[in-house]
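Working notes for the structure below.
Remember, it's a predicted structure, so these values are computed and weren't measured experimentally. Residue numbers count from 1 along this sequence.
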Amino acid sequence: MQFLSFVFLSSTMSSDAVLLLETVNFAAEKHRYQRRKDPDRTPYINHPVGVARILSHEGGVTDIEVLQAALLHDTVEDTDTTPAELEAKFGPTVARIVQEVTDDKNLPKQERKRLQVEHAPHCSHQAKLVKLADKLYNLRDLNRCTPVGWTPERVQEYFVWACEVVKGLKGTNSALEEKLEELFRQRGAQL
Ligand SMILES: [Mn+2]
């Protein structure tokens, strides 16, 4: 079930296009002051938009709640957005998917990374899709340019760790998994 804001309910039934615009606008406002770590300091919102587009354009995903969750996937982890806020605005399914892909920032970084590997196989199909697209986007970005302050060794370690996470997501979307597999192969990692 889709949750519509009262504004839409009072006037008309919302279309998927309207819902997606509402979602991308919410994400853009939440991430408005954030930048990516590349030397160009690309606006952060390019990332969630790109993750959603990987799902639709390359993964063939049309599940609107998955596409919405992709647009929102870093809002709880990286902005002041709360799960309750997402649930009120976008409904329980979207909020749950975002929650599934959100790291606990109270934990040390290495522990968060370990938990991603451990939790990946137990995520819902919808959350696995978002995770696959998020990893594919980030790995392509690392191949495009090195983040400020990162050594080549750190980049290689990220690939090896991402490969361990993606192993737990296998059997979810063959198109995305094949593209990830090729990126890992280029780095000498085996999916
Ligand atoms: Mn992300």
Side-chain angles (χ1 to χ4, degrees), residues 1-2 15-17 19-21 23-24 27 31 36-38 42 44-78 86 90-103 112-147 154-191:
M1 181 165 86
Q2 307 291 352
S15 68
D16 283 357
L19 262 178
L20 278 181
L21 282 171
T23 310
V24 77
H31 289 296
R36 297 284 286 173
K37 294 171 184 163
D38 59 320
T42 302
Y44 195 87
I45 190 64
N46 284 40
H47 167 63
V49 170
V51 171
R53 187 185 181 261
I54 285 173
L55 287 168
S56 64
H57 193 74
E58 301 182 59
V61 173
T62 54
D63 180 341
I64 187 75
E65 290 174 319
V66 171
L67 299 177
Q68 287 182 282
L71 291 168
L72 299 167
H73 80 273
D74 280 329
T75 57
V76 172
E77 192 168 307
D78 293 335
L86 292 184
F90 301 108
T93 304
V94 171
R96 189 257 304 151
I97 301 167
V98 173
Q99 195 64 356
E100 283 187 86
V101 303
T102 298
D103 285 353
R112 297 202 317 254
K113 299 194 88 161
R114 193 187 65 76
L115 285 172
Q116 275 206 37
V117 176
E118 194 178 300
H119 289 163
H122 311 292
C123 287
S124 68
H125 178 76
Q126 291 171 308
K128 285 178 178 174
L129 284 170
V130 175
K131 281 177 159 286
L132 283 172
D134 185 38
K135 291 288 178 287
L136 186 52
Y137 185 104
N138 284 334
L139 297 176
R140 284 174 174 167
D141 229 21
L142 286 175
N143 280 341
R144 183 178 64 85
C145 61
T146 305
R154 184 168 172 190
V155 173
Q156 179 66 18
E157 278 168 25
Y158 189 95
F159 271 83
V160 170
W161 165 74
C163 187
E164 290 307 305
V165 177
V166 171
K167 277 178 190 170
L169 305 171
K170 277 167 82 167
T172 302
N173 183 290
S174 55
L176 300 185
E177 288 163 47
E178 281 166 24
K179 291 175 187 204
L180 282 158
E181 187 167 23
E182 174 59 17
L183 294 182
F184 293 134
R185 195 193 58 75
Q186 290 166 4
R187 295 277 176 166
Q190 194 80 43
L191 193 58

The criterion is side chain to side chain donor-acceptor pair (under 3.5 Å); which residues satisfy it with [X], sequence neighbours excluded?
X	answer
Lys128	none
Glu118	Arg114
His31	Gln34

Note to self: My understanding is that only residues two or more places apart in sequence, or in another chain, count here; which of them pass salt bridge (Lys or Arg N to Asp or Glu O under 4.0 Å) with Glu164?
What the structure shows: Lys167
Between [atom1] of [X] and [atom2] of [Y], what distance do you get to the nearest 0.5 Å?
X	Y	atom1	atom2	value
Tyr44	Lys37	OH	NZ	8.0 Å
Glu77	Leu72	CD	CG	13.5 Å
Asp141	Thr42	CG	OG1	7.0 Å
Leu86	Gln99	CG	CD	8.5 Å

Closest heavy-atom pair and its distance - [X], [Y]:
X	Y	result
Ala70	Val51	CB-CG1, 4.1 Å
Glu65	Asp63	N-OD1, 3.0 Å
Ala52	Leu71	CB-CD2, 3.8 Å

Going by heavy atoms in the side chains, are [X] and [Y] under 4.5 Å from each other?
X	Y	value
His119	Lys131	no
Leu139	Leu180	yes
Tyr137	Val49	no
Ile97	Leu129	no
Val101	Asp134	no
Val98	Phe90	no
Arg36	Asn138	yes
Pro147	Leu142	yes

Checklist line | His73 and its side chain to side chain donor-acceptor pair (under 3.5 Å) partner, picked from Gln68, Glu100, His47 | finding: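 Checked Gln68, Glu100, His47 against His73; only one passes side chain to side chain donor-acceptor pair (under 3.5 Å): His47.
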Next item on the list: Any pair with a residue in residues 169-180 that passes side chain to side chain donor-acceptor pair (under 3.5 Å), sequence neighbours left out, goes on the list, sorted by first then second residue, please.
Entry: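 Qualifying pairs, neighbours excluded: Glu58-Lys179.
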Checklist line | With Ile64, the side chain to side chain contact (heavy atoms under 4.5 Å, CB included) member among Leu20, Val94, Thr93 | finding: Leu20
Exercise answer: donor-acceptor pairs, residues 184-191 side-chain atoms, under 3.5 Å, sequence neighbours excluded:
{"residue": "Arg185", "atom": "NE", "partner": "Glu182", "partner atom": "OE1", "Å": "3.0"}
{"residue": "Arg185", "atom": "NH2", "partner": "Glu182", "partner atom": "OE1", "Å": "3.4"}
{"residue": "Arg185", "atom": "NH2", "partner": "Glu182", "partner atom": "OE2", "Å": "2.8"}
{"residue": "Gln186", "atom": "NE2", "partner": "Glu182", "partner atom": "OE2", "Å": "3.0"}
{"residue": "Arg187", "atom": "NH2", "partner": "Asn143", "partner atom": "OD1", "Å": "2.8"}

